[in-house]
Amino acid sequence: MGRVTVKEERCKGCGYCIEACSSANLYLDRDKRNKSGYSVASFKDDEQCSGCALCAEVCPDVALEVYR
Amino acid sequence: MSAIAEKKVFSTPQVLKDNVYHFCPGCHHGLVHRLAAEALDDYNLATSAVGVIGVGCGVFLYDYLAIDCCEAPHGRAPAVAAGIKRTNPGAFVFTYQGDGDLAAIGTSEIIHAANRGEQITVIFVNNSVYGMTGGQMAPTTLPGQKTTTTPAGRSPLNDGHPVNMAEIIAILPGTAYSARVSCHNLKGIRTARKAMHRAFQAQVEKRGFALIELLSACPTNWRMTPQQSLQRMEDEMIPAYPLGTYKDF
Ligand SMILES: Cc1ncc(C[n+]2csc(CCOP(=O)(O)OP(=O)(O)O)c2C)c(N)n1
Ligand code: SF4
């Protein structure tokens with residue numbers, strides 16, 4: 001089982017991580033904005049994450065860290 | 001709670017500073033910075049590296065990597081890097097350049113640095129446009145691509161053809177390594193990561209000049225969403241800029 005942490009101030013909401021995750025554990029939280037005004041990626045902690053880290057590998061802003 | 005201790009399986013490279021990137025959403029400059037940072041970490045080069053930065057959106061690399069850096073005038077990074085390397089042979093010297101920087105104003109410097117076999121590594125971000133200045137045509141712009149200076153689309157008859165730098169550099173005898181990779185999907189990024197390491201290895205092992213060209217998105221100046229940009233890379237950029245290793249020591 002895995003877990004993803006989002007460094008919210010680094011995230012720009014590009015959505016690349018959301019497409020990379022095969023089990024839909026990440027989503028764009030439209031209600032949450034960082035200091036730069038971007039909607040940020042959020043992790044859905046419903047125990048579906050395998051900790052594969054594909055999301056972090058494609059993140060252009062190095063905003064994700066993954067634990068397994 | 002699981003009884004097994006949790007392990008970090010993806011962490012930020014050590015040499016990458018905490019500063020938040022200034023790049024636009026979906027821009028691949030940040031990813032290329034990370035790949036460079038991973039290679040710097042893996043070859044243990046943080047204290048011996050000197051980054052020579054061209055002019056373009058990558059110009060603030062010194063804010064993001066905890067290494068020595070030097071800014072070069074537009075296009076001149078390979079000449080500056082050659083000077084630094086020749087006077088400091090123990091340093092690991094790389095340039096970081098966009099396609100406007102490397103393939104337009106800096107064409108002379110890149111060709112001759114490669115031809116002289118300068119022991120430097122060139123990180124070349126090809127996003128087929130002048131990003132920083134607002135989306136003018138670059139020599140790498142694709143036929144038909146709309147830019148602020150080709151509003152009806154680039155016409156090869158009037159504006160010339162895209163320039164394939166990885167292939168051109170590969171035919172020069174001083175070149176040890178030349179490859180083109182793409183940042184548009186996971187497979188591309190994994191290949192890019194290996195190629196970045198190889199381009200670093202070329203210098204570490206004193207094999208000669210090394211260049212890695214990374215196809216990258218500039219969603220802002222392409223007037224696209226990040227997702228549309230990835231699709232454009234797959235549908236239009238890769239056919240014009242075939243991926244591959246063109247020279248490998
Ligand atoms: C001698 C000189 N001419 C022109 C410029 C203006 N200028 C700044 S950045 C740039 C192009 C940058 O494009 P590119 O190298 O593709 O980098 P990108 O921003 O797309 O990453 C130009 C023409 C300059 N700074 N110096
Ligand atoms: S203008 Fe283009 S190259 Fe520059 S930061 Fe924005 S997306 Fe990246």
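By convention in this document, chain letters (A, B, ...) are assigned in the order of the sequence lines, proteins followed by strands, and residues within each chain are numbered from 1.
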Quiz item: Does A/R10 reach the main-chain N or O of B/D18 with its side chain, forming a donor-acceptor pair under 3.5 Å?
Solution: yes
Quiz prompt | Closest approach of B/P13 to A/V62 (non-hydrogen atoms, all atoms of both residues) | solution = CD-CG1, 4.3 Å
Quiz item: More than 12 foreign heavy atoms under 6.0 Å from NZ of B/K17: is that the case here?
Solution: yes
Practice problem: Would you name the heavy atoms of A/Y67 and B/E6 that are closest together and state the gap between them? | Solution: CB-CD, 3.5 Å
Exercise. Counting only heavy atoms closer than 4.5 Å, note whether B/C27 contacts chain A via side chain, backbone, both or neither.
Key: backbone
Quiz prompt | Close side-chain approach of A/V4 and B/F10, heavy atoms under 4.5 Å | solution = no
Practice problem: Count the heavy atoms of every other residue, nucleotide or ligand shown that sit under 6.0 Å from NZ of B/K146, and state whether that count exceeds 12. | Solution: no
Exercise. Name the region of A/A56, side chain, backbone, both or neither, that has any atom closer than 4.5 Å to a heavy atom of chain B.
Key: both
Quiz item: Are side-chain heavy atoms of A/P60 and B/F23 found at a separation under 4.5 Å?
Solution: no
Exercise. Check each atom of B/L16 against the heavy atoms of chain A and say whether the ones under 4.5 Å are side chain, backbone, both or neither.
Key: side chain
Quiz item: Under 3.5 Å, is there a donor-acceptor pair between the side chain of A/K12 and the main chain of B/H22?
Solution: no
Quiz item: Do you know which two heavy atoms are closest between B/R190 and A/E57, and how far apart they sit?
Solution: NH2-OE2, 2.6 Å
Quiz item: CG of B/N44: more than 12 outside heavy atoms within 6.0 angstrom?
Solution: no
Quiz prompt | A/V58 to B/R34 - nearest heavy-atom pair and separation | solution = N-NH1, 4.5 Å
Practice problem: Side-chain contact test, heavy atoms from C-beta onward, threshold under 4.5 Å: evaluate it for B/K8 versus A/V66 and give yes or no. | Solution: no
Quiz item: Would a distance-only check, ignoring hydrogens and angles, find a side-chain to backbone donor-acceptor pair under 3.5 Å from A/E65 to B/T12?
Solution: yes
Practice problem: Answer with side chain, backbone, both or neither: which region of A/C59 has an atom nearer than 4.5 Å to a non-hydrogen atom of chain B? | Solution: backbone
Practice problem: Please report the closest heavy-atom contact between B/V9 and A/G51, naming both atoms and the distance. | Solution: CG2-O, 3.6 Å
Quiz item: Under a 4.5 Å cut-off applied to non-hydrogen side-chain atoms, are A/K35 and B/V20 in contact?
Solution: no
Quiz item: Within a radius of less than 6.0 Å around CD of B/Q14, do more than 12 heavy atoms belonging to other residues, nucleotides or ligands occur?
Solution: no
Quiz prompt | Inter-residue atom distance A/D61.CG - B/C24.SG, 0.5 Å rounding | solution = 10.0 Å
Practice problem: Specify the closest pair of heavy atoms between B/P25 and A/C14, including all atoms of both residues, with the distance to one decimal. | Solution: C-CB, 4.2 Å
Quiz item: Hey, would you say the B/H28 and A/Y16 ring centroids sit under 6.0 Å apart?
Solution: yes
Self-check item: B/L186 side, atom CG; A/E19 side, atom CD - distance, nearest 0.5 Å
Solution: 12.5 Å
